[in-house]
There are 2 protein chains.
Amino acid sequence: MWISLSENILRELDGIKCSLEERTDFLNNRVRPVVVTYPSRTEEVAKIVNIAREHGLPIVVWGGGTSLAGHLVCDGCILIDMKFMDKIVEINDTEWYVRVQPGLILSKLNDELKKIGFFIPPEPASSFACSVGGVVNNASGGMRSVRYGTFRDWVLALEVVLPSGKVIRVGEPFVKNRAGYDLVHLFVGSEGTLGIVTEIWFKIIPVPEEVKYSIMMELSDFRQGTEIIRELRKNRVVIDVAEYMDGLVAKTINKHFNTNIPESVGGTITLSSSSTYREKIEKVLRQHSITFTEVDEDKTLSERALAGLALKAEWNERVSEDIVVPLSKLDEAFMKIKELEEKSGVKIAILGHIADGNLHPNILISSRDDPRLTKIYDEIGRIAIVLGGSISGEHGIGYMKADLMKEQLTAHNGIEVLKIMNDIKGCIDPHHFMNPGKFVELAWSRYLINKD
Amino acid sequence: MWISLSENILRELDGIKCSLEERTDFLNNRVRPVVVTYPSRTEEVAKIVNIAREHGLPIVVWGGGTSLAGHLVCDGCILIDMKFMDKIVEINDTEWYVRVQPGLILSKLNDELKKIGFFIPPEPASSFACSVGGVVNNASGGMRSVRYGTFRDWVLALEVVLPSGKVIRVGEPFVKNRAGYDLVHLFVGSEGTLGIVTEIWFKIIPVPEEVKYSIMMELSDFRQGTEIIRELRKNRVVIDVAEYMDGLVAKTINKHFNTNIPESVGGTITLSSSSTYREKIEKVLRQHSITFTEVDEDKTLSERALAGLALKAEWNERVSEDIVVPLSKLDEAFMKIKELEEKSGVKIAILGHIADGNLHPNILISSRDDPRLTKIYDEIGRIAIVLGGSISGEHGIGYMKADLMKEQLTAHNGIEVLKIMNDIKGCIDPHHFMNPGKFVELAWSRYLINKD
């Protein structure tokens with residue numbers, strides 16, 4: 001459908017595929033652009049950026065729409081939907097990189113790579129739906145980050161359309177490059193606020209030849225699980241995956257997807273590592289009298305990846321938190337969340353990449369307008385801050401966590417850090433039209449308002 | 001020795017250990033501060049920064065003095081020598097991090113970590129002498145970067161004294177943290193131009209339990225070596241170490257350190273990996289009829305680490321280049337360097353972390369005043385640029401490579417990238433007194449001069 005917007009803009013966008021539509025993201029946040037554009041190459045993206053800047057319109061980029069902190073919310077923006085920029089440009093099995101366009105779905109990329117024995121390790125639960133541009137803009141993590149880090153560790157170089165419309169490349173398609181400040185990592189995790197990623201060079205590595213050892217532990221309580229994790233770390237066990245899931249999540253997945261996940265009262269942990277650690281792991285498990293069974297890793301993790309969909313299907317609204325705390329503080333964080341649940345009367349289901357200290361308490365509520373929601377959301381973030389942790393491990397900030405981010409930086413880093421971030425935003429996007437009013441910019445403006 | 005500098009500055013520095021002395025760095029560059037300060041804690045560093053800013057004096061930080069691109073050159077600066085800020089503050093074997101002060105020597109840190117089964121993998125040949133603050137400021141690489149990346153991949157958080165004198169922390173002491181733009185990576189590799197690192201949180205990992213397989217290949221020519229490396233990569237072999245050394249380097253080490261490294265005409269490669277790859281590796285070696293012997297990795301790499309000292313002892317001046325090229329371009333780079341050697345009549349010995357595409361051609365010359373030196377140095381950098389590589393893989397830019405950096409960014413990235421870097425420098429250090437006149441600042445000013 002062609003738009004009936006301003007004649008000027010329409011004429012200027014001529015040749016680029018467009019439509020007029022509203023959307024909601026995975027959290028049901030509303031996205032109301034004046035026009036949705038579907039560029040097919042970098043030059044078209046640059047053209048859209050120039051048009052937006054000249055007309056004073058915000059730009060928001062849509063990859064898979066799976067973001068979880070309101071990154072995509074807009075009212076009157078030009079939305080750039082990357083669905084037609086979804087090619088694998090090159091797989092280089094000597095230099096060990098892959099060059100891709102941002103609209104590609106992550107699991108499709110890994111499927112292609114696995115055919116030739118390679119992969120990119122971080123595995124968000126949304127792999128089947130999220131775009132590679134999205135994981136770069138969010139520095140996403142996932143289920144293998146305890147061994148392999150987040151996407152921050154897997155980007156070599158980026159092609160970016162700057163707010164000026166100029167096309168640049170940051171980084172080089174190899175690991176060692178010292179030519180200037182590290183702008184690659186500045187763009188990774190910048191949530192579309194500094195420019196538009198139009199091409200990505202990811203590092204790839206061979207799928208390890210090691211035999212895997214995967215088990216599911218059934219816990220009598222949460223602390224039993226965290227004790228195991230801490231003890232395994234102290235025993236120098238390299239954990240690949242450690243996925244915690246409480247009984248409520250298990251029950252909800254079982255109900256909606258006909259699975260058979262144990263609904264233990266203390267929850268379960270799916271633990272995976274190289275089989276070289278088998279003996280060490282089993283020794284620790286025996287010492288703690290843990291019930292466990294060997295499982296098929298792929299099957300178990302695919303079932304876990306259904307959690308988001310199941311919770312969304314069961315409750316009207318499901319808002320996922322994403323805090324990180326030091327491993328030594330996991331029990332305290334858990335207890336405080338449970339206290340909050342009791343006090344508020346709102347159910348909170350808990351998932352977690354537990355060996356990263358990364359918990360996803362899911363607030364389950366019938367309406368986004370329930371005033372308890374924001375309060376609980378922020379309180380959970382504050383639990384992390386007080387315990388020396390982070391208000392977001394992998395979902396990012398968007399507009400929903402800007403206040404919390406300001407609080408974390410004030411408490412742990414010094415407010416000067418937020419000022420530097422905001423200055424950098426101002427240098428690169430002086431017209432403030434790249435995903436504006438969110439993330440760093442919003443956190444800084446909240447600081448300025450509260451200061452006075 | 002106490003200084004007899006300006007009475008004011010002397011009075012203001014009261015309580016901080018100082019001396020008056022000149023130095024040379026590892027490349028014989030002259031470092032002529034008005035005063036050398038030896039702070040013992042962060043507050044003293046902040047005090048020195050405030051004094052320097054108020055008096056308009058540049059600040060340069062000295063760790064191990066091993067930098068190789070003139071980072072430390074100064075005339076009239078306040079030098080901050082970190083030798084008394086060299087403590088291990090905390091080793092946390094559950095969270096898997098170590099917290100250290102910047103003046104600590106890298107090998108001392110790894111010695112302590114190895115006692116309890118941990119290490120930080122990147123291993124510069126200068127480990128025995130370089131400081132941890134130095135490797136952070138240079139995003140240093142080394143002999144294990146092909147498997148484990150550079151120091152860019154191992155820093156979780158930093159305490160930094162900003163040019164304003166304010167003390168901040170960037171990052172959190174764990175892997176997943178999405179609170180704002182990634183300033184950690186901005187400071188890593190910033191060569192002391194944005195602030196002064198006063199504390200570092202490094203990621204640590206257990207020393208792998210795997211059995212190692214280490215061999216030395218004796219090559220008939222360089223291409224034979226690069227073919228092997230490319231073929232191993234194509235065969236999905238994860239290489240830990242691949243150190244190339246030409247016959248001249250071998251001969252020079254043997255002479256000065258009484259070692260017995262093979263002086264093959266085509267050079268040698270020390271190759272190390274997990275023994276799980278043994279069969280694959282030997283198959284490739286047999287196909288190429290390569291002569292090889294199993295070696296003790298520690299012994300062989302310690303001998304290789306003597307190269308810098310040996311070349312320095314044998315020739316009056318030895319200037320090490322540090323280019324990176326794609327693996328497919330290694331042979332062309334080598335050939336062009338050899339042509340340059342022949343044309344100029346100046347000997348160039350070659351070392352290389354060859355599986356990273358990272359070559360260290362060492363220009364061997366009797367005097368730094370020889371006009372051929374700069375010409376050869378720049379020509380080698382340009383070989384990398386033309387072949388799609390980088391003018392520095394791990395040594396950094398300092399003042400010696402600013403022009404080349406400008407050329408690389410212009411050719412590969414877009415000059416806009418250098419402008420962004422310079423804008424960031426201006427935001428964070430508006431008085432331009434943090435290691436001034438080098439790196440990004442110098443490259444940008446060279447661009448402005450040549451543009452007109």
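The sequence lines fix the lettering, A, B, ..., with proteins before strands; numbering per chain opens at 1.
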If one checks every heavy atom of Asn138(B) against chain A at 4.5 Å, the contacting part turns out to be both
Chain A heavy atoms under 4.5 Å from Asn358(B): which part of the residue, side chain, backbone, both or neither?
-> side chain
Val440(A) portion near chain B, given a 4.5 angstrom heavy-atom threshold = side chain
Against chain A, label Phe439(B) side chain, backbone, both or neither, depending on which of its atoms sit under 4.5 Å from a heavy atom there.
-> side chain
Thinking salt bridges, do Glu191(A) and Arg178(B) make one under a 4.0 Å N-O criterion?
-> yes
For the candidates Ile391(A), Val417(A), Asp322(A), Leu404(A), which exhibits the highest count of non-hydrogen atom pairs separated by less than 4.5 Å from chain B?
-> Val417(A)
Would you mind checking which part of Val238(B) comes under 4.5 Å of any heavy atom in chain A, side chain (CB onward), backbone (N, CA, C, O), both or neither?
-> both
Top contributor to chain A contacts, counting heavy-atom pairs under 4.5 Å, from Gly149(B), Ser164(B), Gly357(B), Gly389(B) = Gly389(B)
Distance-minimising heavy-atom pair for Leu327(A) and Thr94(B) | CD1-O, 3.6 Å
Among Lys406(B), His185(B), Arg152(B), His395(B), residue most engaged with chain A (heavy-atom pairs, under 4.5 Å) | His185(B)
Heavy-atom distances under 4.5 Å only: say whether Ser274(B) touches chain A with side chain, backbone, both or neither.
-> neither
Under a 4.5 Å heavy-atom cutoff, which of Lys401(B), His412(B), Glu394(B) has the most pairs with chain A?
-> His412(B)
Would you give the length of the straight line joining atom CG of Leu418(B) to atom CD1 of Ile168(A), rounded to the nearest 0.5 angstrom?
-> 11.5 Å
Output for pair (Glu416(B) CD, Leu162(A) CG), nearest 0.5 Å, gives 6.0 Å
Most heavy-atom pairs under 4.5 angstrom with chain B, which of Leu183(A), Ile428(A), Ile424(A)?
-> Leu183(A)
Quick one: which of Val184(A), Asn235(A), Thr150(A), Ile397(A) has the most heavy-atom pairs under 4.5 Å with chain B, could you say?
-> Ile397(A)
Does any heavy atom of chain B fall under 4.5 Å from the side chain of Val237(A), the backbone, both, or neither of them?
-> backbone
Chain B interface, residue from Asp423(A), Leu186(A), Asp356(A), Val207(A) that has the most non-hydrogen pairs under 4.5 Å | Asp356(A)
Among Gly141(B), Gly414(B), Pro326(B), which has the most heavy-atom pairs under 4.5 Å with chain A?
-> Pro326(B)
How many angstroms lie between atom CG of Asn422(A) and atom OH of Tyr181(B), to the nearest 0.5 angstrom?
-> 8.0 Å
Return the option, out of Arg236(B), Arg169(B), Met405(B), with the maximum number of heavy-atom pairs under 4.5 Å with chain A.
-> Arg236(B)
Name the option with the most non-hydrogen atom pairs under 4.5 Å to chain B; the candidates are Gly396(A), Pro208(A), Gly171(A).
-> Gly396(A)
Residue Ile116(B) versus chain A: region with a heavy atom under 4.5 Å = both
Counting only heavy atoms closer than 4.5 Å, note whether Ile420(B) contacts chain A via side chain, backbone, both or neither.
-> side chain
Minimal heavy-atom distance between Gly393(A) and Lys176(B), with the atoms involved, is O-CB, 3.5 Å
In this structure, which one of Lys234(A), Arg230(A), Arg233(A) forms a salt bridge (charged side-chain N to carboxylate O under 4.0 Å, His left out) with Asp93(B)?
-> Lys234(A)
Can you see which heavy atom on Asn177(B) is nearest to which on Ser390(A), and at what distance?
-> OD1-OG, 2.7 Å
Got a second to check how far Asp182(A)'s CG is from Met421(B)'s CE, nearest 0.5 Å?
-> 8.5 Å
Among Phe174(A), Phe187(A), Trp96(A), single out the residue with the greatest number of heavy-atom pairs under 4.5 Å to chain B.
-> Trp96(A)
To the nearest 0.5 Å, what is the distance between CD (Glu210(B)) and OG1 (Thr276(A))?
-> 9.0 Å
Per-residue contact mode, Glu172(B) against chain A (heavy atom under 4.5 angstrom) = side chain
For Lys280(B), is it the side chain, the backbone, both or neither that has a heavy atom under 4.5 Å from a heavy atom of chain A?
-> side chain
Per-residue contact mode, Val160(B) against chain A (heavy atom under 4.5 angstrom) | neither
Non-hydrogen atoms of chain A under 4.5 Å away: do they reach the side chain of Lys203(B), the backbone, both or neither?
-> side chain
Do you know which of Leu194(B), Val175(B), Ile229(B), Ile415(B) has the most heavy-atom pairs with chain A at a distance under 4.5 angstrom?
-> Leu194(B)
Between Glu95(B) and Ser328(A), does a side chain to side chain contact (heavy atoms under 4.5 Å, CB included) hold up when you go through it step by step?
-> CA-CA 8 Å; Glu95(B) 315 283 348; Ser328(A) 61; 3.6 Å; yes
Under 4.5 Å from a heavy atom of chain A, the part of Glu209(B) involved = side chain
Rounded distance (nearest 0.5 Å) linking atom NZ of Lys419(A) with atom SG of Cys427(B) = 7.5 Å
